Amino acid sequence: MKNKTSFPPQEGEARPSRCPDNSAFKQQKLPAWKPQLTIATVLSSFFLTGAFCLLVGVCLILSANSVREIQIDYSDKCSECSKLRENSSNWNKECHCSINFALKEGILGDVFMYYGLQNFYQNHRRYVISRSDAQLLGRNANIQKSYCAPFTTYRNGTPMAPCGAIANSMFNDTIDLFYNLNSSVIQVPLLKTGNSWWTDKNVKFRNPESYNLSSAFAGTARPPYWQKPVYLLDEEDERNNGYINDDFIIWMRVSAFATFRNLYRRVKRIRQFADGLPAGNYTFRISYNFPVTKFKGRKHVILSTVVWSGGSNPFLGIAYVVTGTAATLAGFVITAIHLKLRKKKTYFQK
Amino acid sequence: MADPIRWARYRWQRLISTEGGEGSSSSNSSNKCYQSSKTLGKHRIVIPCLGHFKEEYEKVSKLYMNNKIRTTKYTLLNFLPRNLFEQFHRVANLYFLFLVVLNWIPLVEAFQKEITMLPLIAVLTIIAVKDGLEDYSKYKMDKQINNLLTKVYSRKEKKYIDECWKNVNVGDFIRLSRNEIIPADMVLLYSSDLDGICYIDTAGLDGETNLKQRQVVRGYSEQVSEIDPEKFSSRIECESPNNDLSRFRGFVEHSNKDRVGLSKENLLLRGCTVRNTEAVVGIVVYAGHETKAMLNNSGPHYKRSKLERKVNTDILWCVLLLILMCLTGAIGHGVWLNRYSEIPFFNIPEPDGKSIPPALAGFNMFWTMIILLQVLIPISLYVSIEIVKLGQIYLIQNDIDFYHEKTDSTIQCRALNIAEDLGQIQYIFSDKTGTLTENKMVFRRCSIAGQEYCHEENAKRLESYQELDSEDEDSAHRQCGSSTHMLKQQGFNCGAVNEPLNRKSLNELSGSYPALGREDGAGDAPRSGHVAFSSPIETDVVPDTQLLEKFSQISSHSYQQSEEGSSESSLETMYVADFFLALAICNTVVVSVPNQPRQKMRLSSLGRMPLKSLEEIRQMFQRLSVRRLSSSPAPSVKESSPESPNSFVSKLSIFRMKLASPALDGAAQRAAEPHDTESPENSQVPQELDMVNVAAGCEDSSAASSIELSPLSKLCYEAESPDEAALVHAARAYKCILQSRTPDQVTVDFAGLGSLTFQLLHILPFDSVRKRMSVVVRHPVSGKVVVYTKGADSVMMDLLRTASEGTNNSEMEQKKIKERTQKHLDDYARRGLRTLCMAKKVMSDAEYAEWLNHHFLAETSIDNREELLLESAIKLETQLTLLGATGIEDRLQEGVPDTIQALRKAGIKIWMLTGDKRETAVNIAYACKLLEPDDRIFTLKSQSRDACALVMSKILEGIQKNTSAEKKPSQKLGNVSASPSTQAPGFSAGLVIDGRTLEHVLHDSLQNMFLELTEKCRAVICCQATPLQKSVLVRLVRSKLKAMTLAIGDGANDVSMIQVADTGVGISGQEGMQAVMASDFAISQFRHLRKLLLVHGHWCNTRLTNMVLYFFYKNVAYVNLLFWYQFFCGFSGTSMTDYWILILFNLLFTSVPPIIYGVLDKDVSAEILLQLPQLYMMSQKSVAYLPSAFWITLLDAFYQSLVCFFVPYFTYYGSDIDIFSFGNPINTAALFIILFHLLIECKSVTWIHAAVVAGSILLYFVFALAFGATCKTHSPPPNPYWVMEKHMMDPVFYLVCLLTTCVALLPRCVSVLQGTLCPSPVLRAKHLDRLTPGEQREAVKRWRDDCAVNCRAEFQAASGSPRSPTGAVPGEESVASVPPTSKTPFQALESVLYYFFLALETPGSPAPALPRGRTCLFHF
């Protein structure tokens, strides 16, 4: 056509057409994945899920069952001590009590000793924040500005080290374990370090820099509930004293629930205890300092082993088994009905 | 002649005195008077900035803005405060501000203070950045515009110097050359054009690219040399700045106190471009923000969508839920505290050592909880909705299907936030002309003097066009567009390269008419539009042989005979001649030659004669007309057409005639007589010769133009309305060719008489009140003043000369003609043609002079000029003689019937509101399938309100009888009109109502009855409706029926209706831009409405609905995790997740996927949506967002949060886990649940979805790991240091997350399965997508055939009836009724399962599996 030959030059000149791009995105024609349900995919997904869940569940239950655990509530057994502690004026009076128990079988492997508290709301909002991480890092932090109030300073202005309610309320019972072997009493060797997270011990908690600890904490005072200052938490081991004391670090990691346990000691596997705790009679000797009756709480001491899936709580395993069973059953039901109805297909078809 | 001036001045003073209060006391000629009145009154005085006015100028100019513009909202300094101030006008932001403030109260503080501010700051920042960027781009634009250069007269240098636009002041003289943009509103004082005309195009203002004429102020136009600003000693007085583009009133007062009126014809508007005119000079009257263009510049408007309103109510529910949860927390905390007789360790006492009582602690805890659970109120929802809407709009605008090639236009979304309303439209109010029809007027029939001429040949031609048309025009138009463009680009200059244009494209070029007033248009507001090219179908008219024969008899001889009214036949030929003259003259068409500019055309013809002599003549003429009366039409020498030398002779004769102005001298006619004697000679010249002359004239400059070009096609007609163009083209077909038109004269090349030049005395433009226009000319042959009037038959018939004075023969004849013409008119209307009547009136000079006096008074008055002009026009247009009538066809736009049918099937009711006659309207309604042949049409036409009520009640009764007879009582709920005709053809009814009856019906007392009636009709057609009535109707339906309305129109008369409707759609067609400006969406074709509503409306609605629901779900699910934890921490407001992660969870990790989901999700493909309009009802009735959907979503959220919290809880119960180690798996699982939930909800997952979800997960882990590794001390004291790292090495963590996610999402998965079992229509449609095209067609057809009926009925019953507000048919019922053979419950269950498996096995074809349309279609 004549026009066609004569017009292209002008078309080039013409302003760009307002015609939108014909791209997949702009025309909303991007390839899309639309899940397709067929009997094969539905059934196989049911069975696969079921099998997987069952497998995991069984593993979890088995491993949870292999955990040996002994839990002793000593809040009633040390009733005298607990009564003594109800009156806060007796704070400096010592009180000890012993609890005997027998192990019919030995607990093999690494044995962990926990103290457990019930009804202690460590997760209370204002309790949780009542600490100064800067102070615990050994910095000369202004704790007045921190969330430590009202456990920041004494009236005379001496700052508390460490400050805050968490530190102040630190669990201060001491628990020792004795093994009664043929009327002789052997103290079970316990490890008090290495119980906390490595990062906590080595990064998050630092003592102030100084030639020795007592000078590092000079000018500070212990929290009101404490019996001794922070630099005397472990007089035997310099690397477990002050803020980097394992018991302190573990206490500072506030628990998620009102009923919780904290790792206290590990059995040192030497001599008789190289394989764990052998069967026999044992005694806990407890220096009872921590009052729990005030908040209707209870205290426990727990001996337990640990597996990859955590402690002795079988919930996760059961949950997996239940889920797996349900999925498998559903798969079977679907198959059954499918098989049954397949024969009847003609019956429905119009 | 001085009287009118005095009168005008008197009025002016009266005006000042009433407004200024003091003006009357001072002397009217004193400057002080003007000064004081100026400051107080509403007029402005413009004084040139030159020496002799200096003092005054300085006083005045201070009061006016200069030309600097600033469209930005903010400055650098006030940006922050002002933006914040504006943002805090939103309730949501205030709420969050409240939370922030709350957090500063130590007693209730929940988070670290800074963290609570984070979401607010994020939201404020995002919006501020958006506002800032917008403003910055405006600023850059302003700067660019302000610094444009223009030539301003400088007093110092005595010449025009370059100045920035911003330095232009009121009173400056500005000189512009061709193609320059006008910097400010100015009064035109000089144009290099000989006629004192300046052409401008208003593309920059309103998008119209056709040329418009502006005129130099009277009294300056005859100046030969350029105006000298130094000598300009007049002052200009005009109205205060206003935004009415179509109005400008004022006058120039010369130093001798003479006044010359100013009108919009004298005003050059800022932003327009000077075209075709070498140089113009003007004086600035409005500058900067006071210019009309700027005053008209209102930004995009905001409407609130229905969905948004619903979201707001749901947010209120969320607030209630929040309060409930907080109350629980408060009471719980109080109770918990009560358990302790003394303060436990962990309850930290106040600084003074005491603890607060439990009740007060509980009260404080309430506020703490509000801060903690704040996320429940989704602040981010508002921001997300905004973003999603932007995305949706972006996609709509980029839809290639909305691209219209002919006009190179695509959809424009002017309202950004009501896209989802498109999915819920229940009523469409449509204009007819230009909306349903092409607005391409094709001359079809005419009736002259009571004799009809059918134009059979023309009809045949049109028929043959029907087929060729589409492709042919397509290609033709493309070429056409580029060729005009080329013309523009190359500057219309003299030596323009001439393209060997073929005839066709030339034809198309000729007659681009962006229109002004239309028959039912609302006046002459300048609108704009894209240039519409007339297609050959409009310009080519095949003459009727019979008429042609009669036409050929016309000679000047017979003409003269007929003037004396002698013989019957000659009388008829006279009618014919006058009829065609009226067609050619009675309009405002601008004539140009396509391949060369008007201006040049004239010069080239001048070039062939000694220019000097012309100049001499001109000067001589000026000398002669020493005192030209402004009342008399200002004649000047016009070399207006490329005539042959002999026409120059005729020019001279006109000259003579003009020398003797008719108002002065009665001898004018005699003076014109030489011309009369000349004409017969002319007529004897064979036609062909005449035309060759024309062609030759053109060839001078267009050497390359091919011989085959028809000389006729060389003329371009630029008409204001398509009707006009059609008539002019029709006249041209009969060789009555409009040759040229200048403000003072019209030249018509009349076959039998040769070239006739009419002195144009007046044009009374069209307006919607009069519904007619008139042209007053002096007939060159008879020399008498003749008025040609063209208008709607309804008004014209009343204006005709009545046969009162006896039984005169001609009077009788007149009466007969009138009757016959009326019959023809009715017939035309029945055929759907647009009708116009032509009439004429011969006036004596005395009559004319008398009228002229009155008219002049009207013209010079400033204030109620419009009314006076109207009065004056009415005075003139009486006692007319009917010449004949025309029938113009306006063809339906492409795809209109299909679109209407589809929209109808989608459950949308369509009303047609038009200003046209009833017959025309009904006819079009049939043509576009708005009415079906077997519909029963009820016509409402009554004179009184009572009668109207009676008729309506009768109709209602009739309909009810039908309904009850043919419909089962149980189905009463079903909408009669919506039921497809297949079901019960008996009661599909249409209602036709005219404007006069509409007035009665819209009265309060009848409104309800009328609406009841309309609900029963499948279509309502309102004819002869005024723009106001249109908007009242829309408002009525909107408010009374609570329906979503959409108004669509293309002209100014639709603006009010477009503004009133929920959604206004403008058609950017040939009628200018006003409708588009007022609209929310502008499309170029009516058929685009189909995809806009059915596809984009559906998509936008479902997308946004789903996203909003998802947002609610997300927030509730997440916040509830925190809430559950309160039960285990003594309701103390602890969060087991770090605050940073908590806040960022909503802000970062889960914010983008829902937005992507809201923009891109696609439940059903566009093809299916178009094929099955029934699916539209899903979004129309907002099935996805029923109140139940909201609560189901919340329930699901509760369930998921329970699972998400308690699985980890029981897993870690009693262990030595710390807070954040417990929170971490919960949070991680929540992330997975929330994101996978989205993927399940997504109907189509593209790589974008996948990437965004994967990115979110990745971001979460990266952030958690990085934060866990670095946060030794930041964040409030407790921090999740190393928690994530520790967990990543713990298999239990993974197992917990996996189980939690699976169990939480199980119900969703099941619901997906259930959807397969009892699919909703949308789901079924989705399945159709998977089929092969062939199968798909089958399935769609089957669905359409039998399911659609039931779907619709059930659907309406379900969603409309109070019985089942959830929209779901009770499952058991419907399932039991599925297979007719299975009656027992067991069998029913079996069958359900059976269908389920069938659906599983053949995933794509649920349609055959489902029993015909009666299943539980509406299950979710």
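Keep in mind the model is a prediction, meaning the values are calculated, not measured. The sequence lines fix the lettering, A, B, ..., with proteins before strands; numbering per chain opens at 1.
- With a threshold of 4.5 angstrom between heavy atoms, B/Leu1298 approaches chain A through its backbone and through its side chain.
- Heavy atoms of B/Phe402 lying under 4.5 Å from chain A are absent altogether.
- Comparing B/Tyr394, B/Phe1128, B/Trp336 by how many heavy-atom pairs each has under 4.5 Å with chain A, the most go to B/Trp336.
- Proximity to chain B (any heavy atom under 4.5 Å) is shown, for A/Phe205, by neither the backbone nor the side chain.
- At least one side-chain heavy atom of B/Tyr1213 sits less than 4.5 Å from a side-chain heavy atom of A/Asn313.
- Judged by the 6.0 Å and 45° rule, A/Lys204 forms no cation-pi pair with B/Trp1282.
- Formation of a donor-acceptor pair under 3.5 Å by the B/Ser1132 side chain with backbone atoms of A/Arg125 is found in this model.
- Of the inter-residue distances, the one linking B/Ile348 atom CD1 with A/Tyr147 atom OH reads 12.5 Å to the nearest 0.5 angstrom.
- The two atoms that bring A/Trp308 and B/Asp1290 nearest to each other are O-OD1, 4.2 Å, heavy atoms only.
- Among A/Tyr114, A/Phe151, A/Trp197, the residue making the largest number of heavy-atom pairs under 4.5 Å with chain B is A/Trp197.
- Residue B/Thr410 comes nearest to A/Pro20 through the heavy atom pair OG1-CG, 4.2 Å, listed as atom of the first residue, atom of the second, then distance.
- Heavy atoms closer than 4.5 Å to chain A are found in the backbone of B/Gln397, but not in its side chain.
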* side chain to side chain donor-acceptor pair (under 3.5 Å) evaluation trace for A/Asp21 with B/Asn398 -> CA-CA 7 Å; A/Asp21 288 352; B/Asn398 273 298; over 6 Å; no
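- Only the side chain of B/Thr368 comes within less than 4.5 Å of a heavy atom of chain A; its backbone N, CA, C and O stay farther away.
- If you measure heavy-atom distances from A/Phe112 to chain B, you find no contacts under 4.5 Å at all.
- Here the OH atom belonging to B/Tyr1212 is positioned 8.0 Å from the CG atom belonging to A/Leu316, to the nearest 0.5 angstrom.
- For the atom pair CG (A/Asn22) and OH (B/Tyr403), the distance works out to 12.5 Å, reported to the nearest 0.5 Å.
- Between the CZ atom of B/Arg339 and the CG atom of A/Asn119 there is a distance of 5.5 Å, given to the nearest 0.5 Å.
- Atom CG in A/Asp133 sits 5.0 Å away from atom CG in B/Asn1279 (nearest 0.5 Å).
- Checked by atom type and distance alone, the side chain of B/Thr1134 pairs as donor or acceptor with a backbone atom of A/Asn123 at under 3.5 Å.
- When A/Asn168, A/Leu263, A/Val203, A/Thr259 are compared by the number of non-hydrogen pairs under 4.5 Å with chain B, A/Val203 comes out ahead.
- Only the side chain of A/Thr323 comes within less than 4.5 Å of a heavy atom in chain B; its backbone stays farther off.
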* Asked: Passes ring pair (Phe, Tyr, Trp, His ring centres under 6.0 Å), B/Phe346 versus A/Tyr121? Steps please.
  -> CA-CA 6 Å; B/Phe346 41 79; A/Tyr121 282 85; 5.7 Å; yes
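- Contact count against chain A (heavy-atom pairs under 4.5 Å) is highest for B/Ser1215 among B/Ser1215, B/Gly1130, B/Pro1208.
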* **ring pair (Phe, Tyr, Trp, His ring centres under 6.0 Å) between B/Phe1222 and A/Phe257, worked out** => CA-CA 9 Å; B/Phe1222 171 63; A/Phe257 309 115; 4.7 Å; yes
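- Counting heavy atoms from C-beta on, the side chains of A/Leu30 and B/Trp1247 come closer than 4.5 Å.
- A/Tyr225 touches chain B through its side chain: at least one heavy atom from C-beta onward sits under 4.5 Å away, while N, CA, C and O do not.
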* Could you check B/Thr1246 against A/Trp33 for side chain to side chain contact (heavy atoms under 4.5 Å, CB included), going step by step and ending with a plain yes or no? => CA-CA 6 Å; B/Thr1246 66; A/Trp33 174 69; over 6 Å; no
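- When A/Phe295, A/Phe260, A/Tyr320 are compared by the number of non-hydrogen pairs under 4.5 Å with chain B, A/Tyr320 comes out ahead.
- In this structure, chain A has heavy atoms under 4.5 Å from both the backbone and the side chain of B/Tyr1209.
- Heavy-atom distances place no part of B/Val1095 under 4.5 Å from chain A, backbone and side chain included.
- Not a single donor-acceptor pair under 3.5 Å links the side chain of A/Gln28 to the backbone N or O of B/Lys1162.
- For chain B, no part of A/Ile250 is nearby; none of its heavy atoms comes within less than 4.5 Å.
- Nearest heavy atom pair, residue A/Lys26 against residue B/Leu395, reads O-CD2, 3.9 Å.
- By the 4.5 Å heavy-atom criterion applied to side chains, A/Cys19 and B/Ile400 are counted as neighbours.
- Both the backbone and the side chain of A/Val128 come within contact range of chain B, with heavy atoms under 4.5 Å apart.
- Annotation: side chain of A/His124 is not in contact with side chain of B/Phe1131 (no heavy-atom distance under 4.5 Å).
- Between the side chain of A/Arg131 and the backbone N or O of B/Pro1278, no donor-acceptor pair lies under 3.5 Å.
- At distances below 3.5 Å, not a single donor-acceptor pair connects side-chain atoms of A/Asn262 with backbone N or O atoms of B/Asp1216.
- Looking at A/Arg253 and B/Ser1221, their side chains come closer than 4.5 Å, going by heavy atoms from C-beta outward.
- Between the OG atom of A/Ser309 and the CG atom of B/Leu1295 there is a distance of 9.0 Å, given to the nearest 0.5 Å.
- Proximity to chain B is absent for every atom of A/Pro314, based on heavy atoms less than 4.5 angstrom apart.
- Within the 4.5 Å cutoff, the side chain of A/Val254 has heavy atoms near those of the B/Ile1219 side chain.
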